[in-house]
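Notes follow once the structure below has been shown.
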Amino acid sequence: MYAAPSASQTEPTKGGTLKIGLGEQPSTHNPYGGMSDRTTISQFLESLVELDKKTLATKPLLALDWKVPDDKTYVFTLRQGVKFHDGTDFDASAVKAAFDYMLDPKVASPRASNFDRVASVEVNDPHTVTFHLKEPFGVFLPTLAQQAYFVSPTALKNMAPADLEIKPPGTGPFKVLEWVKDDHITFERFDGYWDPKLPYLDRLEYRILPDGNVKVIAFKAGEIDFVDNLPATEVKGIQADPNYVFASTPSTGYRSIYLNTAAAPFNNVAARQALAWLVDRDELIKLGTLGIGTPAYGPLAPPQWAFDPSFKPYSVNIDKAKAALSEAGLGNGFDFALKVSNSPDEVRMMEIIQAQLARAGVKMSLVTGEYNAIRATVISGDYQAFFAGWLGGPDPDLNMFDSFHSKGWFNWVKYHNPDVDTLLSDARASSDVAKRTEMYRKAQSIVSQEAPMIFLRFPYWAIDGQAMAKRVHNFVPDPMQTMFFKEVWVDAS
Amino acid sequence: MLKFLARQLLLAVPTVLLLTFFVFSIIFLIPGDPAEALLGNTASPEAIAAFRHKMRLDQPLLVQYVAWLNQLLHGNLGASVRTSEPVWTAITARLPVTLQLSAYAMIIAIALGVPLGALAATRRNSLWDLLAQLVGLSGLAMPSFFLALLLILLVSLRLRWLPVSGYVAPSDDLLGSIKSLLLPSLTLSFTMLGSIARMTRTSMLEVLGEQYIVTARAKGLRERTVVRRHALKSALIPIVTLIGLQFGFVLGGTIVIEKIFGLPGIGRLMIDNVYAHDFPVVQGVLLFLALIRLGTNLITDVVYAALDPQVRLE
């Protein structure tokens, strides 16, 4: 079901403008200020490493190479001849300056907590920098790729705070030209980019179009070349239209039902397992999301290296569900309430589940409300079941630790299993991929067996992927749904 | 007249004070925690606690209110929690868009609504009357987001006459600016157009039955003069009130219209920040809009008093 990304058939042409429809504008361009704004900052800021869009493996970006002499030390050799947009050299002292800034308690950067295991950053020579960690951290490289962006140290020192929010100078292929709040953000090519071939485009223009319908109409009217977060109802039509290209790759998120294992009825394992046997994921995807998405049986997502495509511990089996119910002492079924956001798409999905559970006498009532309000009650433990999603990340740790470790920040299902705790802690500390894969798969198997969460569907969003006009070439979709445009080129219009 | 004005202004003071308290506390009625909404799904509990402390969210509501009021009295609306942009700058940057949009919508509604209503009243039960009633009713009944989509589909996608969305500043390109705001202001004007046409019709019919109109006609004045000089002027009094009141609705309507058409105005500023729980911005914009509303009501009272001497004496 995943279409191939648009391949370049001819030689790339230089120049031109790409117009992109963006549903929500970023809160800030200051990489040390906001949290979830990779959409636009990835065009003008870079990290030491990046993630391969196919394998999610860590690849060189501003660092050419790295060594890990022990679990707590990372030595990076930096790319030479790299300049920030303001002319400052990118070197080891710039790396240190950025980390010192981000970790400064006075700056109070929301990204700082990602790097609380960093003890110090040491400049060895202008092109070598060493990170000393307080404890082993297997997720260090993916975290660097996603959370550590470099802004010119000159700007960090001298730039007015208001300008730092709009156009902090990075090393990326584009630089910020203008940001008219709520209207558009324009980037122009950075002529001093370290890869002289790139970027191909002269300009990127993000148009901010909060209404999904209007965004699609503007796309069809040719006012924009590129849209993300396409509504599920539009996907088939766009895919069938020869004027458009649909690019897609599986992403790292999943959708699931959270069960409160600290309260009745789901403090009983058998009651949770009954649900796992009753849920028909294929039917849910066919009816609830128009055939878009794939069934999920565990938290490890298809693009992650630890993902196991053969892992399928449950299939629809009403007899086994009934057996589990009588084992739980709930012979003819039971009632419970599920909290779900009032978005019509989500409510529709849960109505399908409602009908599936009723097949064994399990009555699920829906409690709808504004998402943040519901989420607050879930966090405080005031719920039986909750339908939500997890965006995940490149590393399996980001799909498992916080949700299922006793000390996880988002263990809203109140799940405690000493074996799972050990596996997740050990896997987090190790940097051996083979060993980690084994540990994550083992943990996933225990979690699925004990079913604190009923995994339903990949991905998190309605759809993985973006649509673009035929004149756009060489776009490669990313599992984290960030859009990168440095290698994209357009036909002259 | 001055005494009337002074009394109205004095009455506004407690209203404004009450308003500030209401505006300040309303954000805390929005479900969910601002700190969590702002820091995102992956923030640690420690980071959230630190943020709450930094933003003084851990203090009692009344303490926070007094601090905010004190800040207001120093002419400071505060700054956005997400972007650090001063709220006043955010408002003034977007004000021209919203004012243009509202002004165009008012002009369209008045320019079409009053003549349509007057025509309907003078030619009762004619085709014009039917049209006025139809426009009036559908204007009131049709939700603006639906009308907006219909207009976009027809005018922009099918006919390709006007852009789907986006805003052009008049200083960049005057014609382009008018084009970029035509569909949004037409959509926005529709509800108001309906009310104005209906009100004009009713008010005109009432006036046309008055003794002095009969007298004017009996004096042999031309029907046109009777309608324009004598009937319409008196009939306009309730319409002026209506237009004043409608201005508030227009400002409220910009929230939906700006969101749909992707216009960078004040309504959009507010709704986006409600979703983002950026409370200083929401409080600032709400207060600003409320003060504008209070101001227009005051102006309406004054115009009303100028048109109708009885009001001044009451």
Side-chain angles (χ1 to χ4, degrees), chain A residues 21-22 24-30 33-37 105 108-114 116 147 161-162 164-166 180-184 207-211 213-224 369-377 379 388-391 393 398 402 409-410, chain B residues 30-34 36-48 50-51 53-54 79-86 89-90 93-94 97 145 148-149 152-153 156-158 160 163-169 256 258-266 268-269 271-273 275-278:
Chain A
L22 197 63
E24 196 182 328
Q25 76 177 341
S27 59
T28 172
H29 272 169
N30 178 350
M35 271 310 292
S36 46
D37 292 325
S109 167
R111 283 189 202 268
S113 62
N114 293 294
D116 51 11
Q147 305 288 355
L164 207 55
E165 300 292 333
I166 306 282
V180 177
K181 290 276 169 77
D182 292 336
D183 194 58
H184 67 267
R207 290 267 310 275
I208 296 143
L209 300 171
D211 187 283
N213 291 315
V214 172
K215 193 166 69 171
V216 173
I217 295 173
F219 178 61
K220 289 181 176 169
E223 284 180 25
I224 49 176
E370 197 266 335
Y371 177 76
N372 282 312
I374 290 185
R375 185 172 167 268
T377 63
I379 293 172
W390 187 249
L391 275 170
L398 303 167
D402 278 327
W409 291 342
F410 307 104
Chain B
I30 301 177
D33 183 288
E36 274 171 24
L38 289 165
L39 295 182
N41 271 344
T42 55
S44 68
E46 291 84 13
I48 288 171
F51 180 85
H53 184 69
K54 188 177 146 196
S80 157
V81 191
R82 285 186 305 158
T83 65
S84 340
E85 188 184 19
T89 318
R94 288 159 179 87
V97 181
F145 61 87
L149 283 178
I152 293 175
L153 281 173
S156 301
L157 193 62
R158 186 63 60 82
R160 308 250 162 159
V164 175
S165 68
Y167 170 72
V168 181
V256 176
E258 287 171 0
K259 185 100 183 160
I260 293 177
F261 287 92
L263 297 171
I266 297 221
R268 174 96 174 279
L269 179 69
I271 194 77
D272 285 353
N273 283 291
Y275 284 126
H277 285 71
D278 199 333

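Letters A, B, ... are given to chains in the order of the sequence lines, protein chains preceding strands, and every chain is numbered from 1.
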Side-chain contact, heavy-atom cut-off 4.5 Å: V214(A) with L149(B)?
yes

With sequence neighbours excluded, what pairs up with Y167(B) under the ring pair (Phe, Tyr, Trp, His ring centres under 6.0 Å) test?
none

Heavy-atom pairs under 4.5 Å with chain B, option from E24(A), E165(A), K215(A) with the top count:
E165(A)

For A162(A), is it the side chain, the backbone, both, or neither that has a heavy atom closer than 4.5 Å to a heavy atom of chain B?
neither

Rounding to 0.5 Å, atoms CG (D182(A)) and CD1 (I271(B)) come to a distance of 12.0 Å

All heavy atoms of D183(A) vs all of G262(B), minimum pair found to be OD1-O, 3.7 Å

Engaged part of P163(B) at the chain A interface, taking heavy atoms whose separation is under 4.5 Å:
both

Backbone N or O of P210(A) within a donor-acceptor pair of the R268(B) side chain at under 3.5 Å?
no

Would you say the side chain of D272(B) lies within less than 4.5 Å of the side chain of K181(A), judging by non-hydrogen atoms?
no

Best-contacting candidate, E258(B), R94(B), R160(B), against chain A by heavy atom pairs under 4.5 angstrom
R94(B)

Nearest heavy-atom neighbours spanning S165(B) and L209(A)
OG-CD2, 2.9 Å

